[in-house]
Each structure stands twice: as structure tokens, then as C-alpha cells.
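Single-structure report; data block below.
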Number of protein chains: 2
Amino acid sequence: MGRGKIEIKKIENTSNRAVTYAKRKAGIFKKAKEIAILCDVKVSLIIVSGSGKMDAMCSPDNSLSTICEEYHKHSKEKLWPAKHENLHNEIEMVKKENENMVIELRHLNGQDINLNHYELIPIEEALENGLISVRARKAS
Amino acid sequence: MGRGKIEIKKIENTSNRAVTYAKRKAGIFKKAKEIAILCDVKVSLIIVSGSGKMDAMCSPDNSLSTICEEYHKHSKEKLWPAKHENLHNEIEMVKKENENMVIELRHLNGQDINLNHYELIPIEEALENGLISVRARKAS
DNA sequence: TTCGCTATCTATAATAG
DNA sequence: TCTATTATAGATAGCGA
């Protein structure tokens with residue numbers, strides 16, 4: 001559509017590419033709004049340019065969030081696996097630390113029945129040292 | 001574009017609406033692919049029809065997930081508030097527990113210099129009790 | 001619903017300022 | 001870089017099968 005037809009491949013000339021981008025972006029956003037209204041459908045459109053600028057739209061009375069939820073209903077692909085994975089991993093790590101400390105505290109309370117004589121020695125020492133420190137501080 | 005121009009408002013006739021939807025959907029997906037290639041940009045397009053069917057596309061070498069991540073970099077709106085919120089809350093809770101145990105362990109090691117006399121008493125007792133238990137176990 | 005057709009409308013490539 | 005212009009390519013509304 002224009003003075004000549006163009007091949008669909010990356011426009012190498014930077015300024016031509018920028019001009020075409022501006023025009024086509026306006027065009028596609030217009031189309032997206034039109035189809036949303038004419039056909040009463042939910043539309044989400046996000047474009048991120050090479051320079052990192054983003055434009056997004058979605059159909060009236062919707063949010064991208066809503067539309068992403070719809071996406072999840074229909075697709076196996078999860079939109080945020082990485083993010084969730086990371087959060088899950090973080091939880092696991094902190095829980096692991098937690099567990100270790102629970103065990104240590106139990107030991108210091110003399111609550112673990114499965115320890116043998118040799119395992120009890122460092123615990124006894126820790127308690128003795130702790131007691132010394134605490135008494136020293138109380139006295140000061 | 002067509003035998004007559006149409007006003008941009010919902011097409012009430014159901015079959016006309018369906019036909020227009022099919023045509024325009026094809027058109028907009030084509031445009032989306034073209035701009036992605038021509039201008040080397042990331043595009044995500046999701047359309048959910050009234051009857052609940054969904055179509056989605058995104059630019060080559062990208063995933064919707066990637067593009068959603070980009071969206072998050074640029075927008076205040078979170079696309080998946082609930083899920084993330086829950087995970088964050090869980091992390092906070094576990095971290096809080098963690099912190100409490102770290103403090104308790106420090107106290108039992110006599111490491112906290114900001115405690116007063118009265119705060120030290122229960123710690124001393126805990127240590128004494130722990131020591132009694134551990135020694136009892138060692139002896140058994 | 002889904003083609004095919006085509007007159008028309010729209011988007012836009014090329015260009016100039 | 002934007003903006004405006006315009007000739008053309010492309011999209012599509014209305015119809016018919």
C-alpha cells in the first residue's frame with residue numbers, strides 16, 4: 001500500500017524503518033480498536049520497539065490482566081513461568097534455612113532423641129558457652 | 001475498505017459480525033506479523049471472541065511470556081497481581097519466621113548486646129534447661 | 001458457515017519540505 | 001527527525017452460491 005510494494009523482511013535503513021514503524025503502529029492500533037468495537041471481542045496488543053519503548057492497548061472495559069487470564073484458560077503456555085519459578089525457589093531456600101534452624105533450636109533445647117553421645121558434645125559446648133556469655137552480660 | 005464504509009460501532013447482525021470478525025482478524029494478524037518483521041519489533045496480539053475462542057500470536061523468536069515481562073518493565077499495572085502477591089506474602093512470612101529464629105539463636109549464643117537484665121533471665125533459664133537435658137541424654 | 005468476487009475504502013511507501 | 005501529500009497496494013463490505 002503505497003507508491004510501491006515492499007518485501008516483508010527487516011527494513012535495513014534505520015530511518016525508513018522508524019518511519020514505517022510509526023505509520024504501521026498507528027495503523028495496527030487503529031485496527032485493533034476497530035475490531036474490538038465492531039466485533040465485540042477482547043483484544044490485547046503490545047508492541048515493544050527495538051529501542052525498548054513499549055506501547056500497549058486493550059479493548060474497552062478490559063485490562064491486559066483480564067486478557068492474560070483468558071489466555072491462560074486457553075493455552076498450555078504459562079505467561080510467567082520464570083517469575084513464578086524464581087519465587088518458588090526463593091521460598092524453598094528460605095524454608096530450608098528455616099528447617100535447619102528449627103533443628104538447631106531443638107538440639108539446644110535438648111529435644112532430639114536420635115542423637116548419639118558424640119553428636120551431643122558440640123551441643124553441650126554451645127550451651128555452656130552461651131551460658132557463660134549470658135551470665136557475664138547479666139553480671140555487667 | 002469495501003463496497004461501502006461502515007461506522008465503527010458494534011455490528012448487531014450476528015452473521016455479518018462473524019464474517020467481519022473472520023476477515024479483520026486475519027487482517028490484523030497479518031499486519032502484526034508484518035510490522036514485527038519489517039520493523040524488527042516485539043509484538044504480542046491476543047484476541048478473545050465473544051464465544052470464548054482465543055487466538056494469539058507473537059513476534060518470531062519471542063514468547064508471550066517474554067513480552068509480558070517487557071510489559072512489566074514499562075507499566076505499573078501488574079498482569080498477575082493475585083498469584084504474585086500470594087507468593088510474595090509467603091516469602092515474607094517464611095522470612096519473618098527465619099528472622100525470629102536467627103534472633104533466638106543469637107540470644108542462646110549470648111551474642112546480643114542490647115538486652116537488659118530481665119530479658120536475659122529467660123534465656124539463661126533456657127540454656128540451663130537445655131544443658132540439663134543434653135547432659136541427661138549424654139549420661140544415658 | 002465459508003468461499004469467491006470486486007468495487008470501494010484505507011493504509012501506507014515514496015517523496016518533499 | 002516530524003508533517004503533509006499523493007499514487008498505489010492492500011484490506012474488506014456487500015453479495016451470491
Side-chain angles (χ1 to χ4, degrees), chain A residues 1-64 67 70-71 73-76, chain B residues 1-62 64 67 70-71 73-75:
Chain A
M1 313 153 247
R3 294 300 184 85
K5 82 190 285 182
I6 57 167
E7 196 185 347
I8 302 303
K9 60 170 197 153
K10 180 175 173 181
I11 298 169
E12 293 301 340
N13 180 300
T14 308
S15 54
N16 281 356
R17 191 169 65 245
V19 171
T20 294
Y21 176 56
K23 288 181 178 180
R24 281 178 175 256
K25 180 154 64 84
I28 198 170
F29 273 95
K30 186 181 173 196
K31 292 282 189 192
K33 282 173 203 154
E34 287 182 353
I35 197 173
I37 295 169
L38 286 170
C39 306
D40 196 30
V41 294
K42 295 175 187 171
V43 179
S44 142
L45 176 60
I46 304 174
I47 305 187
V48 185
S49 75
S51 61
K53 279 179 196 152
M54 184 201 70
D55 287 280
M57 63 79 58
C58 65
S59 37
D61 308 321
N62 282 286
S63 67
L64 272 173
I67 292 169
E70 293 277 351
Y71 183 82
K73 283 185 205 153
H74 292 277
S75 166
K76 299 277 180 292
Chain B
M1 319 154 242
R3 294 301 182 84
K5 83 191 282 182
I6 58 166
E7 195 187 347
I8 303 303
K9 61 169 196 156
K10 179 176 174 181
I11 298 169
E12 293 300 341
N13 180 300
T14 308
S15 55
N16 281 355
R17 190 168 66 243
V19 171
T20 294
Y21 177 56
K23 288 180 177 181
R24 280 179 176 254
K25 179 154 66 84
I28 197 170
F29 274 95
K30 187 180 173 197
K31 290 283 188 190
K33 282 172 201 152
E34 288 182 353
I35 196 173
I37 295 169
L38 287 170
C39 306
D40 195 29
V41 293
K42 296 175 189 171
V43 179
S44 143
L45 175 61
I46 303 173
I47 305 188
V48 185
S49 74
S51 61
K53 279 179 197 153
M54 185 202 69
D55 286 279
M57 63 79 60
C58 66
S59 38
D61 309 321
N62 282 285
L64 272 173
I67 292 169
E70 293 278 351
Y71 183 82
K73 283 187 205 152
H74 292 276
S75 165

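Order of the sequence lines sets the chain letters (A, B, ...), proteins ahead of strands, with each chain counted from 1.
In this model, the phosphate group of dT12(D) is approached by a side-chain N or O of Lys31(A) to a distance below 4.0 Å at OP1 or OP2. Look at Lys5(B) and you won't find any side-chain N or O under 4.0 angstrom from OP1 or OP2 of dA13(D).
Rounded to whole Å, the distance from NZ on Lys25(A) to P on dA13(C) is 15 Å. When the P atom of dA11(C) is taken as reference, atom CG of Leu38(B) falls 17 Å away, rounded to whole Å. Rounded to whole angstrom, the span from the NZ atom of Lys30(B) across to the C1' atom of dA11(D) amounts to 8 Å. Atom CD in Glu7(A) sits roughly 12 Å away from atom P in dG10(D) (whole-Å rounding). The nearest whole Å value for the distance from the CZ atom in Phe29(A) to the P atom in dA11(C) is 15 Å. Between the CG atom of Asn16(A) and the P atom of dA16(C) there is a distance of 13 Å, rounded to whole Å. Atom C1' of nucleotide dT1(D) and atom CG of Asn13(A) are separated by 13 Å, given to the nearest angstrom. Atom pair Arg17(A):CZ and dT12(C):C1' shows a separation of 18 Å (rounding to whole Å applied).
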Nucleotide-level pairing of DNA chain D, given in dot-bracket where Watson-Crick and G-U pairs need both distances under 3.5 Å and | marks other strands
.||||||||||||||||
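In this structure, Asp40(B) does not pair ionically with Arg17(A), as no charged nitrogen and carboxylate oxygen lie closer than 4.0 Å.
Put simply, the side chain of Met57(B) reaches to within 4.5 Å of the side chain of Val43(B), judged on heavy atoms.
Within the 4.0 angstrom heavy-atom criterion, only backbone atoms of the sugar-phosphate kind lie near Ala18(B); the bases stay farther away. Counting any heavy atom pair closer than 4.0 Å across all strands shown, Thr20(B) reaches sugar-phosphate atoms only and no base atom.
When all heavy atoms of Val41(A) and Gly50(B) are compared, the pair lying nearest together is CG1-N, 4.0 Å. When every heavy atom of Lys25(A) is checked against every heavy atom of Asp55(A), the shortest pair comes out as NZ-OD2, 3.1 Å. The two atoms that bring Asn13(A) and Asn16(A) nearest to each other are OD1-N, 2.9 Å, heavy atoms only.
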Give the intermediate values and the outcome of side-chain hydrogen bond (donor to acceptor under 3.5 Å, both in side chains) for residues Asp61(A) and Ser59(A).
CA-CA 6 Å; Asp61(A) 308 321; Ser59(A) 37; over 6 Å; no
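Residue Arg3(B) places a side-chain atom within donor-acceptor reach of the base of dT6(C), judged by atom type and a 3.5 Å distance cut-off alone. For Lys23(B) and dA13(D), a side-chain-to-base donor-acceptor distance below 3.5 Å is present, hydrogens and geometry of angles not being considered.
Distance from the side chain of Met1(A) is smallest to dA11(C) among dT1(D), dG14(D), dA11(C). Nearest to the side chain of Val19(B), among dA13(D), dA13(C), dT2(C), sits dT2(C). Listed candidates were dT12(D), dA14(C), dA9(D). Nearest to the side chain of Ile6(A) is dA14(C).
For the salt bridge (Lys or Arg N to Asp or Glu O under 4.0 Å) test with Glu34(B), the passing option among Lys9(A), Arg24(A), Lys10(A) is Arg24(A); the others fail.
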